[in-house]
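Everything below concerns the one structure shown next.
Model, not experiment: these values are computed from the prediction.
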Amino acid sequence: MSGFSAAASAAAAERCALAIRARPAASSPATRQQASLRRSAGPRRTATLAASRRGPVAPRAVATPADRASPDLIGKFTLDSNSQLQVAVNPASQGSVTQIDLEVTNTTGSLILHWGALCPDRRDWLLPSRRPDGTAVYKNRALRTPFLKSGDNSTLRIEIDDPAVQAIEFLILDETQNKCGTSGASSSATTAFVPEDLVQIQAYLRWERKGKQSYTPEQEKEEYEAARAELIEELNRGVSLEKLRAKLTKAPEAPELVESDSPASQITVDKIPEELVQVQAYIRWEKAGKPNYPPAKQLVEFEEARKELQAEVDKGMSIDQLRKKILKGNIESKVSKQLKNKKYFSVERIQRKKRDIMLILSKHKHTVIEEQVEVAPKQLTVLDLFTKSLQKKDGCEVLSKKLFKFGGKQILAISTKVLNKSKVYLATNHTEPLILHWSLAKKAGEWKAPPSNILPSGSKLLDMACETEFTKSELDGLHYQDTGDAGKGTAKALLERIADLEEDAQRSLMHRENSPKLLLLDRFNIAADLVDQARDAGLLGIVGLFVWIRFMATRQLTWNKNYNVKPREISKAQDQFTDDLENMYKAYPQYREILRMITAAVGRGGEGDVGQRIRDEILVIQRNNDCKGGMMEEWHQKLHNNTSPDDVVICQALIEYIKSDFDISVYWDTLNKNGITIERLLSYDRAIHSEPNFRSEQKEGLLHDLGNYMRSLKAVHSGADLESAIATCMGYKSEGEGFMVGVQINPVKGLPSGFPELLEFVLDHVEDKSTEPLLEGLLEARVELRPLLLDSPERMKDLIFLDIALDSTFRTAIERSYEDLNNAAPEKIMYVISLVLENLALSIDDNEDILYCLKGWNQALEMAKQKDDQWALFAKAFLDRIRLALASKGEQYHNMMQPSAEYLGSLLSVDQWAVNIFTEEIIRGGSAATLSALLNRFDPVLRNVAHLGSWQVISPVEVSGYVVVVDELLAIQNKSYDKPTILVAKSVKGEEEIPDGVIGVITPDMPDVLSHVSVRARNSKVLFATCFDRSTLSELEGYHQKLLSFKPTSSDITYREITESELQQSSSPNAEAGHAVPSISLVNKKFLGKYAISAEEFSEEMVGAKSRNIAYLKGKVPSWVGVPTSVAIPFGTFEKVLSDGLNKEVAQNIEKLKNRLAQEDFSALGEIRKAVLNLAAPTQLVNELKEKMLGSGMPWPGDEGDQRWEQAWMAIKKVWASKWNERAYFSTRKVKLDHDYLSMAVLVQEIVNADYAFVIHTTNPSSGDSSEIYAEVVKGLGETLVGAYPGRAMSFICKKDNLDSPKLLGYPSKPIGLFIRRSIIFRSDSNGEDLEGYAGAGLYDSVPMDEEDEVVLDYTTDPLIVDHGFRNSILSSIARAGHAIEELYGSPQDVEGVVKDGKIYEIKEAYRKLQKRHHPDIAGYKGHDYTLLLNEAYKVLLRNLSRHADGKSMARFGSGYTGMDIAPGMGL
């Protein structure tokens, strides 16, 4: 462990000492190596030895007592190649003797110990009176004691009984060879030894210099040894160990060894007890936010702590004073806990329970019911109309109005201002003659006759009053105008009631000074009265209540500044209102998310105790801290008269001001950031005029007391204060809790086991710089709390406030961690995102999608840890899905809240800017905004690792034009641009048209490559691309109305600004592309006498390309590719049905509507669609369709009852009606197609309840590469692929010469899959969907007879996602199918299809054949019973097979291809 230097003489030996010092067990390895042996009072403890060298001559050692009761070896030192010194110390208990045993092994000569004792009050060595036998005094300055020879070893025991002795220093001499130690030579050569603590520091400094890189374990070892080598080199150059230590720790150097007769001249007295150093180091660590220090940094921190304490002592502070200063609260127990666990400067972490995350599933969707159950809007009275007539007058401002009851009638008094003159109007609905007896007054009870020049006509002046007769008048020409759409999408009657009550409260406040007994109808009391009406109005009623409370909480209501409510009163009112909210929370789980928001905005309340303490405790603060005047007295008077949420901000501003060493700018900055200006302070009934002005000696007391006072303020005014929320649930003790004295609140019953300890952990770490342990603790607490929140415990309200506080603290901690995440490894960022996802899931009513996102994200994290080469691509899909979920949540909030905010804001005259950002601020204040910020940070990392780049180019066309920024492509799809335009559209859903004149569309949205707008862009030669990089998108938005040129490749886009002349000189055809109208036309189709035809009858005159392709594929594709059985309702059938006498009225109505449409009244489109749905089915149509379906082996809906046929008939009519949907109509107008010539055939097929649906492009549409197949796959039915469903499908490419090796381009991010029972689908097949140069596909509707079920998808259990073998088999089979069909047609093809389990598919085929053979229409009456039995058998087999397949899913999926149906064309 240590090197040893030989010394040439005894004189040299006097300058070389080995020191042993006893110290606390857990003191820092970096503690200065003083030459001392401390005696310890109390239990006997052994010691361990840490060795180091002082100077180039001699070793020295430090003995550290451990918690053992027997002597222990504390160190070994090599003296030469064969000899070692071993030292053991048995420290003394109170009043006993300390024993030091020294043993030197393999000795040949006579050894002597040259030694002396160290005392703190003397500089030279003390020569103890208790000495071993044979000890001699050397020059009256040292003792020399011979070792006793025992075999090959030499031993010696020294006993110290003098309590003043703190240490001994010694040197070992070999008299026979006249040298120190037992080295065989007398040279001064050294073997360099470096203490491990210094090696750790040097390694840390190297790591910092290299940019704090992440090292592998092998690299760490290399760095450690390199650090050791650097220090050894320093020592070999002659640098002393003390200088080296001082350099690395920035501690004062020990004095150099100098020639002296007294070795005691080198002694440094250790003034600071090690336990205090440990505490000070802990305090420093807490102040720094409890960062995770590496070992080397820990050593530096100990030395810095020691320096701080030494500086206090140097200023004259005694050790006792120092001890009292730093040993406050439970600091000693915190430090001892770290020492016990041997974890210095490390934050403990909770062990989260392993549980199924789906246990926190909640599926309460927010559904807005159009027709709300509301109180009917009030009817305007004659007095209301009179008021409105005044408001219509130019320059008339209504200041106030008051309604007085008069018998069964009313008198309305209105105060106005016109041209700076005040006027009072009175009106009544009493029709009999009335006289007003009135006067003027400056104060209550005073009567003064008015001046004659202001008397109304016909007035009679009396001594102290005046009498005026009411005159009859008519409100000629006054008609009440409804506000139109104002209030649409709101609980309108409730909002108007709130506005009326606000107005009443305003009047009440105005008259309060003159009517001191008049009680203020405070908002919380009003809210409590409105709870029932809000509940009856449904979701919009609850939202309306929230909007009002939110306006109040954010100080948007003008009279909010003057509460005039005593603390006890406001506390009681809050308590009543929150009790009502609690009851609704229990009874209506679908409203809990909004009710949480209301509760958080209101605050806790609490009758009596908590509210009253606000008044009482400010007096205690003033008395305890001698601050009874100035600002504190003004605040006291304000609090005594009225308290408001402003007081929380004022208290925080005072705390920040004091912490900043009384920087007054900090005080004002804190106030202003929270919306409190000097004008607001002056507006209180008891205004605050002064600034705070405290003395330095008041600092600690004020910080302590104001910190406690903040708890009381937040207990009343804040729903998100963590400490008060925890205290309320855990209970206040009746004594010993400072400001909680006199308050008795019992703990909530039924809390989970270990929950108090969990909350204590949270409070202990709430300000930690390293936030991960805190985040884990907060989440664990919320998950543990959740079962109680779903139940109905007695004190639900307190638990709700606790959950709100935990959530708020979580968001704050996440925001605090942003900086630390800047340079974090991807795995750490992903882990933090998973925590935020879980927190969001705990905060919303419908969290199914978020939970599946969380499951997928956690799976991606595991893939990243395992270095899976697909982890980034997998994570990117789930990142996109999370973004979709957040966008959906934001849209839901906006649709739900913004109309109420706008309507109520208009009624209450709230500032327009506050109304405009209402929903935005709600979103920004929640977990969703925090999560979005993290995703934005991490997205570029994923794209880089997955090699995705910043663009996805859907239609690669080089273009030049004017950039125009729009919010939604949908909103401007019918607009025409008169110059080449490149749209930067913030929202593109996928179903839009591209406007005339547009040559390019750039968007951050991710429509499918095969969506309608994507196909339209490629067909129209329009640039279409998704930009993933937000900074690039922001830059493009900055080019609004400027000329840019875009040059795309298949995976990237470059762009530059150009001039007008460059645009004119451009030879590219794109400049006119947006104006080009393809030369196409429709051929008018006629009814050819058949209402229904089989596949064998499909022809160009009867059906569209979709049906004809189905017929063409029959028997031509490989046997493993199934082609669905089909029949069709041919062209002209709609017109034939419309002309039938059954539908004469419908035909007449449609003709009128078409005339309106011809006059460009586009509202007629919707009315035509509705009219089509009124058509009746001719009997011949029903019979022919039934015959063709049964003859083709398809089930006939009517066999299941008339209702099933009516469902089928309605689906057929919806397909016909889609001819008049807006997108299709405007699309045909754009290319000048004759809409009347558009004919609609209907392809009828049985729906395959697909496992997966796909669309294939046999030529890659993004690159144009004909050697490459591109395909997209979704789970469930294909409508989510070709329709406007959010998210991306799974995508892959496959080379045609290597169909066994598909390459995955992206995992799916679509949150929804569509599934359906065995049913029939009626598919549009118009003559406008297969025109060359016109993308008509997808314009018209395909309608299933039954509604599809929307299922939120869990991709973590989907074999296509998690089973590589299964995925490769399915994708390869899809590619083969596309290739086979392309070869069949001899040209590139777009192919739709589905994948279905093979065994179930075979049973379906057998069922169809038997059904066809035995159907009553074919087999006669005898077939009836057989068909019923067959249906039952089929259902049982299908059910059993499904159950078997589910139970053996992995085995089934692992076997390879399962079965496939193909349907060419667009629109599954």
Side-chain angles (χ1 to χ4, degrees), residues 868-870 872-874 877 946-949 951-957 1008-1010 1014-1015 1018-1019 1048-1052 1109 1112-1123 1252-1274 1278 1281 1288-1308 1359-1361 1363-1395 1398 1453-1466:
D868 188 307
D869 58 3
Q870 292 281 312
L873 199 62
F874 189 85
H947 308 293
L948 293 177
W951 295 88
Q952 183 186 28
V953 183
I954 297 170
S955 176
V957 182
D1008 287 304
V1009 172
L1010 304 178
S1014 300
V1015 174
R1018 287 193 294 271
N1019 288 350
T1049 65
S1050 61
S1051 60
D1052 196 13
N1109 284 334
Y1112 181 77
L1113 289 175
K1114 271 288 188 182
K1116 296 183 177 67
V1117 294
S1119 60
W1120 48 270
V1121 177
V1123 178
Y1252 306 101
F1254 58 83
V1255 175
I1256 307 168
H1257 280 239
T1258 60
T1259 291
N1260 190 329
S1262 296
S1263 64
D1265 188 348
S1266 61
S1267 69
E1268 196 170 71
I1269 289 172
Y1270 174 88
E1272 293 185 339
V1273 186
V1274 294
L1281 181 56
R1288 300 293 294 273
M1290 172 180 278
S1291 59
F1292 71 95
I1293 56 173
C1294 193
K1295 291 293 184 182
K1296 294 175 182 176
D1297 59 359
N1298 189 9
L1299 294 172
D1300 290 328
S1301 302
K1303 179 184 177 183
L1304 190 66
L1305 299 181
Y1307 286 93
L1360 191 65
I1361 308 302
D1363 186 333
H1364 179 270
F1366 175 75
R1367 179 171 65 247
N1368 194 76
S1369 174
I1370 291 294
L1371 300 189
S1372 178
S1373 296
I1374 291 172
R1376 288 180 182 280
H1379 187 240
I1381 292 171
E1382 182 184 54
E1383 289 192 330
L1384 183 63
Y1385 278 89
S1387 62
Q1389 297 294 309
D1390 295 348
V1391 184
E1392 303 170 2
V1394 297
V1395 178
F1453 285 131
S1455 63
Y1457 173 70
T1458 60
M1460 186 174 299
D1461 277 348
I1462 294 296
M1466 291 296 295

Notebook entry, point to check: With sequence neighbours left out, what residues match D1300 under side-chain hydrogen bond (donor to acceptor under 3.5 Å, both in side chains)?
Noted result: R1376
Check: Quick one: OG on S1266 to NZ on K1296, what's the gap to the nearest 0.5 Å?
Finding: 5.5 Å
Check: For S1301, what residues pass the side-chain hydrogen bond (donor to acceptor under 3.5 Å, both in side chains) criterion, not counting sequence neighbours?
Finding: N1298
Note to self: How close do F1292 and V1273 get, counting heavy atoms only, and between which atoms?
What the structure shows: CE2-CG2, 4.0 Å
Notebook entry, point to check: Between H1257 and E1382, is any pair of side-chain heavy atoms under 4.5 Å apart?
Noted result: no
Note to self: So, taking the atom named CG in D1297 and the one named OG in S1267, what distance separates them when rounded to the nearest 0.5 Å?
What the structure shows: 7.0 Å
Next item on the list: Using modelled atom types only, decide if a donor and an acceptor are shared between the side chain of S1373 and the backbone of S1369 within a distance under 3.5 Å.
Entry: yes
Margin query: What verdict does the side chain to side chain contact (heavy atoms under 4.5 Å, CB included) test give for L1360 and Y1252, after you've listed the backbone C-alpha separation in whole Å, the side-chain angles of each residue and the deciding distance to 0.1 Å?
Written below: CA-CA 9 Å; L1360 191 65; Y1252 306 101; 3.5 Å; yes
Item checked: Side-chain heavy-atom pair I1256, D1390 within 4.5 angstrom cut-off -> no
Next item on the list: Measure across L1304 and S1291 and return the closest heavy-atom pair with its distance rounded to 0.1 Å.
Entry: CD1-O, 3.5 Å
Check: If every non-hydrogen atom of P1388 is compared with every non-hydrogen atom of T1258, which pair is closest and at what distance?
Finding: CA-OG1, 3.2 Å
Note to self: To check you understand the geometry: which heavy-atom pair defines the closest contact between P1302 and L1299, and what is its length?
What the structure shows: CD-O, 4.3 Å
Notebook entry, point to check: Shortest non-hydrogen contact from L873 to A946?
Noted result: N-CB, 3.9 Å
Checklist line | Minimum side-chain heavy-atom gap M1290-I1361 below 4.5 Å | finding: yes
Notebook entry, point to check: Any idea which heavy atoms bring A1289 and V1274 closest together, and the distance?
Noted result: CB-CG1, 3.6 Å
Margin query: Does any part of the side chain of F1254, heavy atoms only, come nearer than 4.5 Å to the side chain of V1395, both counted from C-beta?
Written below: yes
Item checked: Test ring pair (Phe, Tyr, Trp, His ring centres under 6.0 Å) applied to Y1307 - qualifying residues, sequence neighbours left out -> F874
Next item on the list: Go through the structure and list residues passing salt bridge (Lys or Arg N to Asp or Glu O under 4.0 Å) with K1295, not counting sequence neighbours.
Entry: D1265, E1268
Note to self: Rounded to the nearest 0.5 Å, what separates atom CG in D868 from atom NE2 in H1364?
What the structure shows: 9.5 Å
Checklist line | Residues that S955 engages under side-chain hydrogen bond (donor to acceptor under 3.5 Å, both in side chains), provided they are two or more places apart | finding: none
Margin query: So L1305 and I1293, do their side chains get closer than 4.5 Å, heavy atoms only?
Written below: yes
Note to self: With heavy-atom distances below 4.5 Å as the criterion, would you say the side chains of V953 and D1052 are in contact?
What the structure shows: no
Item checked: Gap separating the CD1 atom of I1269 from the CD atom of Q1389, nearest 0.5 angstrom -> 11.5 Å
